[in-house]
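Since the structure is predicted, the reported quantities are computational estimates derived from the model, not experimental observations.
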Amino acid sequence: MSVISELIRTEADGKISFGDYTLAAKTKKDNFAHGTDTYKVKTFREITKLECNGMFVYESVPGTAVNGLELTENAVSFAVEGPEDAEITLGLSDSTEYEVFINGENAGTMKTNLGGKLTVSVELDAGSQTAVRIVKK
């Protein structure tokens, strides 16, 4: 996996990939159509952020590249890559418990806040990807 040079794209399996943590300046792409949804991505070395239909979906500090993002009613899964460890915040359901899995290992149960945000820290090694899966309990 590597950075997404076009900033956001649809994969052959219907999932989306986005982000370029190598950019020195903030770059964005608006109005990316995927199915019936419209996405907006902002990315560079300090932050990567994704919105869907104007709603918050994903943010990482520092910036990351995300491959194969899949959003369902009960789960979110993706592979993430970056130059260093990252704090990832996801927009999920309000006040809901989720099981967090990092590279297939159960990292525990977390509850979203009233705004539906869940933040996880992910250890990243430059050049390799880390699988993240968040499942509603």
Colleague: Once you round to the nearest 0.5 Å, how far does OG of Ser77 lie from CG of Leu71?
Modeller: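 These two atoms lie 8.0 Å from each other.
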Colleague: Give me the atom names and distance for the closest heavy-atom approach of Leu23 to Thr43.
Modeller: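 Of all heavy-atom pairs spanning Leu23 and Thr43, the closest is CD1-O, 3.9 Å.
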Colleague: Applying side chain to side chain contact (heavy atoms under 4.5 Å, CB included), can you list everything that pairs with Thr72, at least two apart in sequence or on another chain?
Modeller: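 Checked Thr72 against side chain to side chain contact (heavy atoms under 4.5 Å, CB included); matches are Glu70, Ala75.
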Colleague: Check the pair Val57 / Glu51 against side chain to side chain contact (heavy atoms under 4.5 Å, CB included), numbers first and verdict last.
Modeller: CA-CA 5 Å; Val57 174; Glu51 296 176 1; 5.6 Å; no
Colleague: Can you confirm whether the side chains of Tyr21 and Glu46 place a donor and an acceptor under 3.5 Å from each other?
Modeller: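 No.
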Colleague: Could you list all the ring pair (Phe, Tyr, Trp, His ring centres under 6.0 Å) pairs where at least one residue sits in residues 116-137, not counting sequence neighbours?
Modeller: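 The answer is none; no pair qualifies.
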Colleague: Taking Ser60's backbone N and O only, do any of them form a donor-acceptor pair with Thr48's side chain (distance below 3.5 Å, no angle check)?
Modeller: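 Here the side-chain-to-backbone pair does not exist.
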Colleague: For residues 91-106, which residue pairs pass the salt bridge (Lys or Arg N to Asp or Glu O under 4.0 Å) check, not counting sequence neighbours?
Modeller: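 Every pair satisfying salt bridge (Lys or Arg N to Asp or Glu O under 4.0 Å) with a residue in residues 91-106: Glu99-Lys137.
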Colleague: Go through Asn113 and Ser95 one step at a time and tell me if the side chain to side chain contact (heavy atoms under 4.5 Å, CB included) criterion holds.
Modeller: CA-CA 5 Å; Asn113 63 19; Ser95 301; over 6 Å; no
Colleague: Excluding sequence neighbours, so at least two apart, what forms side chain to side chain donor-acceptor pair (under 3.5 Å) with Thr119?
Modeller: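 If we apply the side chain to side chain donor-acceptor pair (under 3.5 Å) test to Thr119, skipping adjacent residues, the hits are Thr89.
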Colleague: Looking at residues at least two apart in the chain, or sitting in another chain, which of them share a salt bridge (Lys or Arg N to Asp or Glu O under 4.0 Å) with Lys111?
Modeller: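 Scan of Lys111 (salt bridge (Lys or Arg N to Asp or Glu O under 4.0 Å), adjacent residues dropped) gives none.
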Colleague: Which value, rounded to the nearest 0.5 Å, describes the distance between Met110 atom CE and Leu92 atom CG?
Modeller: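 Here the rounded value is 10.5 Å.
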Colleague: Just do the side chain to side chain contact (heavy atoms under 4.5 Å, CB included) check on Val76 and Leu69 with the steps written out, would you?
Modeller: CA-CA 7 Å; Val76 176; Leu69 176 71; 3.9 Å; yes
Colleague: Does any non-hydrogen side-chain atom of Val80 lie less than 4.5 Å from one of Leu124?
Modeller: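 With C-beta onward as the side chain, the pair touches.
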Colleague: Please name all residues satisfying side chain to side chain contact (heavy atoms under 4.5 Å, CB included) with Asp37, sequence neighbours left out, ordered by chain then number.
Modeller: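 Here the qualifying residues are Tyr39, Cys52, Asn53.
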Colleague: Please list all pairs meeting side-chain hydrogen bond (donor to acceptor under 3.5 Å, both in side chains) that have one or both residues in residues 6-17, counting only residues at least two apart or in different chains.
Modeller: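 Qualifying pairs, neighbours excluded: Glu6-Arg9, Arg9-Glu11, Thr10-His34, Glu11-Ser17, Ser17-Asn67.
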Colleague: So, for Val100 and Val120, which heavy atoms are closest and what is the spacing to 0.1 Å?
Modeller: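 Smallest interatomic distance, heavy atoms only, reads CG1-CG1, 4.0 Å.
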Colleague: Between atom CG of Leu90 and atom CG of Leu50, what is the distance when rounded to the nearest 0.5 Å?
Modeller: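 Answer rounded to 0.5 Å: 10.0 Å.
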Colleague: Can you list every pair that meets ring pair (Phe, Tyr, Trp, His ring centres under 6.0 Å) and has a residue in residues 40-83, with sequence neighbours left out?
Modeller: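 Checked against ring pair (Phe, Tyr, Trp, His ring centres under 6.0 Å) - neighbours excluded - the pairs reaching residues 40-83 are Phe18-Tyr58, Tyr58-Phe78.
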Colleague: Quick check: is Ile47 connected to Val122 through a chain of hydrophobic side chains (ILVMFWY, heavy atoms under 4.5 Å apart)?
Modeller: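 Val122 and Ile47: one cluster.
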Colleague: Does some side-chain heavy atom of Glu81 sit less than 4.5 Å from a side-chain heavy atom of Thr130?
Modeller: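 The answer is no, as the side chains (C-beta and beyond) never meet within the 4.5 Å cut-off.
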Colleague: Without swapping roles, check the side chain of Thr64 against the backbone of Pro62 for a donor-acceptor pair under 3.5 Å.
Modeller: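 No.
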Colleague: What's the spacing between Ile88 CD1 and Ile134 CD1 if we round to 0.5 Å?
Modeller: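 The CD1 atom of Ile134 is 8.5 Å from CD1 of Ile88, to the nearest 0.5 Å.
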Colleague: Excluding sequence neighbours, so at least two apart, what forms side chain to side chain contact (heavy atoms under 4.5 Å, CB included) with Asp30?
Modeller: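 Result, side chain to side chain contact (heavy atoms under 4.5 Å, CB included) vs Asp30: Lys28, Lys40.
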Colleague: Name all pairs fulfilling the ring pair (Phe, Tyr, Trp, His ring centres under 6.0 Å) condition that reach into residues 94-114, sequence neighbours left out, sorted by first residue then second.
Modeller: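 Applying ring pair (Phe, Tyr, Trp, His ring centres under 6.0 Å) to every pair that reaches into residues 94-114, excluding sequence neighbours, yields nothing.
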Colleague: Given side chains that start at C-beta, do those of Asp20 and Ile4 come closer than 4.5 Å, heavy atoms only?
Modeller: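 Side-chain contact under 4.5 Å: no.
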Colleague: Counting distance only, does the side-chain N/O of Asp125 pair as donor-acceptor with the main-chain N or O of Ser128 below 3.5 Å?
Modeller: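 A pair under 3.5 Å: no.
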Colleague: If I take atom OG1 from residue Thr22 and atom CZ from residue Arg45, how far apart are they, to the nearest 0.5 angstrom?
Modeller: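 Thr22 atom OG1 to Arg45 atom CZ measures 10.0 Å (nearest 0.5 Å).
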Colleague: Going by the ring pair (Phe, Tyr, Trp, His ring centres under 6.0 Å) test, which pairs reach into residues 114-137, not counting sequence neighbours?
Modeller: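 Of all non-adjacent pairs touching residues 114-137, none passes ring pair (Phe, Tyr, Trp, His ring centres under 6.0 Å).
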Colleague: For Asp85, which residues count as a side chain to side chain contact (heavy atoms under 4.5 Å, CB included) partner, sequence neighbours excluded?
Modeller: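 Testing Asp85 for side chain to side chain contact (heavy atoms under 4.5 Å, CB included), a comparison that skips the adjacent residues, returns Glu123.
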